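In what follows, a single structure is set out as structure tokens and then discussed.
In the text below, chain A, chain B and the rest are named by the order of the sequence lines, each starting its count at 1. Owing to the predicted nature of the structure, the values given are computational and were not obtained by experimental measurement.
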2 protein chains.
Amino acid sequence: MQRSDLPVYIQVRDQLWLWISEHRLGGQERLPAERELASRFNTTRVTVRQALGQLEAEGKIFRSNRRGWYVTPERLEYDPSRDIGFYNTVSEQGYTPSTETLSKELTEMPSWLAEISGLPEGTPVYHVLRRRSIDSRCVLVEHNYINPVNCPGLLSQDTDHSIWELLRETYNLHPSKRQIEIYPQALTGIEAEALGVNPGSAGLYMQRLTLDTDANFLEFDREYWVHDALKVSVQADQ
Amino acid sequence: MQRSDLPVYIQVRDQLWLWISEHRLGGQERLPAERELASRFNTTRVTVRQALGQLEAEGKIFRSNRRGWYVTPERLEYDPSRDIGFYNTVSEQGYTPSTETLSKELTEMPSWLAEISGLPEGTPVYHVLRRRSIDSRCVLVEHNYINPVNCPGLLSQDTDHSIWELLRETYNLHPSKRQIEIYPQALTGIEAEALGVNPGSAGLYMQRLTLDTDANFLEFDREYWVHDALKVSVQADQ
DNA sequence: AAATCAATCTGGTATATACCAGATATTAAG
DNA sequence: CTTAATATCTGGTATATACCAGATTGATTT
């Protein structure tokens with residue numbers, strides 16, 4: 001290529017996005033292979049991959065390991081300050097949620113969580129690890145750390161739906177105070193592996209500490225999202 | 001390289017980070033040049049850049065256009081639901097904030113903002129564009145759209161500090177309701193240029209709608225952050 | 001001492017090529 | 001028809017190399 005003064009990969013990025021728009025490719029539809037694009041734009045795979053990386057960073061396309069590139073669906077609107085949960089949020093917006101519980105166990109509170117929760121290290125705590133998908137696309141791995149004091153036998157329940165619904169309806173627990181942290185964080189190690197993305201992929205980290213009305217520890221939550229799957233939306237009244 | 005079964009760029013990533021840690025390189029300290037690293041790790045610049053890209057994605061290092069790679073300082077803790085503002089937040093955490101007002105003008109409300117604010121299109125509105133830095137590193141460009149009804153003459157004030165402090169102390173305005181949206185968003189076009197980063201760099205987008213006690217439009221804010229500079233921390237009581 | 005110019009250092013972009021490994025489709029065997 | 005082996009398609013990783021453009025440094029001139 002190289003006609004205008006813009007870098008080739010920028011031109012490819014824009015023309016490719018134009019092509020996608022013109023062909024009205026929608027959520028989860030596949031793009032032509034990299035080699036095909038390289039010959040179509042008369043450049044090399046390296047440069048094409050640079051262009052694809054741009055669209056990926058913009059959240060417009062995503063890759064599925066060694067299968068190809070796909071158009072990213074609309075972002076999910078998600079309010080972490082409410083407790084309607086992933087399952088209901090996804091359903092309400094017309095998508096199909098699914099959850100796999102990768103592990104659940106009763107364990108001892110590690111020191112970092114002890115510091116956060118205010119409970120002594122070694123206190124029993126439920127730990128649930130789940131992978132969640134929207135329309136079959138893995139978007140999130142989530143660690144739940146739950147205080148077992150108020151919800152004995154939680155682990156024998158079905159954890160493939162909303163844990164908060166369980167806590168609310170079965171155990172009559174109600175959150176009062178939350179402290180939420182959110183920041184961009186690359187997905188590496190087990191999170192990247194669980195989500196089936198390349199190590200170093202852009203992600204969003206979100207953690208949530210929930211206390212009851214007496215400021216007792218109810219739950220701590222760590223969520224690792226793929227970067228293009230959600231839009232955090234918080235209502236804050238003062 | 002290539003000794004273990006791990007990809008070379010992963011090994012370089014880890015060894016480089018080890019080297020940085022061992023040499024106690026702190027915030028904003030410079031790394032050796034890419035060519036230097038390539039020869040040190042006995043590989044090519046392309047692979048080194050892949051490793052650097054990993055550490056960049058993890059928020060551990062950042063690049064300054066054609067000057068080199070630097071160690072990322074600690075993230076700023078930032079609560080968008082409070083109105084203490086950027087300037088005070090940065091100062092309180094021991095850093096040096098600075099702001100440049102890139103433009104400020106009285107303009108007419110565009111349609112997208114009319115929809116959000118509930119006011120008719122074309123209504124006069126202040127528009128302030130600012131670039132903000134922490135310890136001389138550009139971390140944020142910010143668009144402020146302010147309802148001039150309650151703060152006439154705002155633009156003749158100094159906008160290099162907290163606008164909210166101005167609104168509060170000079171105009172006695174107090175926010176009541178906020179609606180905040182946050183999501184990862186690549187920096188492109190004018191935002192990338194203003195921040196001096198490459199197009200497609202990872203960023204965090206944050207927008208904030210602020211209303212007064214009568215649900216009247218006070219301010220709308222769009223912030224484009226570099227991805228590694230902040231940790232959003234929100235208190236939510238129910 | 002200050003301003004100007006040139007050399008040099010840095011990351012940014014680009015081509016060409018090769019092989020690997022997982023995913024998928026195809027074919028052959030039971 | 002089901003299963004297993006195989007071929008093929010895909011993106012992932014890696015090397016070698018070249019030139020460009022902005023940033024910095026150092027020398028030269030004024």
Checklist entry - Do Arg137(A) and Trp225(A) meet the cation-pi criteria used here (NZ or CZ under 6.0 Å from the six-membered ring centre, within 45° of the axis)? => result no
Checklist entry - Counting side-chain heavy atoms from C-beta on, which of dG11(C), dG11(D), dA14(D) comes nearest to Arg66(B)? => result dG11(C)
Checklist outcome for this item: note: Leu6(A), atom CG; dT13(C), atom P; distance rounded to Å ~ 11 Å
Checklist outcome for this item: In whole angstroms, the gap separating P of dC19(C) from CZ of Arg45(A) amounts to 14 Å
Checklist entry - Within the structure, does a side-chain N or O atom of Ser64(B) lie under 4.0 Å from either OP1 or OP2 of dA23(D)? => result no
Item to check | Minimum-distance nucleotide to Gln50(A) side chain [options: dG12(D), dA14(D), dT13(C)] | outcome: dT13(C)
Next on the checklist: Classify Arg49(A) by what it touches in the nucleic acid, base, sugar-phosphate, or nothing, heavy-atom distance under 4.0 Å.
Outcome noted: base
Checklist entry - Parallel, tilted or perpendicular: which describes the rings of Tyr224(B) and His143(B), with under 30° parallel and over 60° perpendicular? => result perpendicular
Item to check | Heavy-atom closest contact (Leu155(B) atom, Lys104(B) atom, distance) | outcome: O-NZ, 2.8 Å
Checklist entry - What nucleotide among dA14(C), dC19(C), dT10(C) has an atom nearest to a side-chain atom of Tyr9(A)? => result dA14(C)
Next on the checklist: Without decimals, in angstroms, what is the distance between Arg13(A) CZ and dT13(C) C1'?
Outcome noted: 14 Å
Checklist entry - In terms of side-chain heavy atoms of Ala33(B), which of dA18(C), dG12(C), dT10(C) is nearest? => result dT10(C)
Item to check | Arg208(A) with Glu219(A): basic N within carboxylate O range, under 4.0 Å | outcome: no
Checklist entry - Atom CZ of Phe41(A) to atom P of dT15(C): distance rounded to whole Å? => result 13 Å
Item to check | Whole-Å gap separating P (dA23(C)) and CZ (Arg30(A)) | outcome: 14 Å
Item to check | 5'-most by nearest nucleotide on DNA chain C - Asn65(A) or Thr47(A) | outcome: Thr47(A)
Checklist entry - dG11(D), dT13(C), dG12(C): which one has an atom nearest the side-chain heavy atoms of Trp69(B)? => result dG12(C)
Next on the checklist: Do Ser64(A) and Tyr70(A) make a side-chain contact, defined as non-hydrogen atoms from C-beta onward lying under 4.5 Å apart?
Outcome noted: yes
Next on the checklist: Whether the side chain of Arg63(A) and the base of dG12(D) hold a donor-acceptor pair under 3.5 Å is what I'd like checked.
Outcome noted: no
Checklist outcome for this item: On DNA chain C, more 5' by nearest nucleotide between Arg35(A) and Asn198(B) is Asn198(B)
Next on the checklist: Tell me the interatomic distance from Glu34(B), atom CD, to dG12(C), atom P, rounded to whole angstroms.
Outcome noted: 6 Å
Checklist entry - Rounding to a whole Å, what distance do you find between Glu36(B):CD and dT10(C):P? => result 9 Å
Item to check | Check: dA23(D) base within 3.5 Å donor-acceptor of Arg67(B) side chain | outcome: no
Checklist outcome for this item: Ranking dA18(C), dA14(D), dT17(D) by distance to the side chain of Val46(B), first place goes to dT17(D)
Next on the checklist: Can you measure Gln54(B) atom CD to dA14(D) atom P for me and round it to whole angstrom units?
Outcome noted: 11 Å
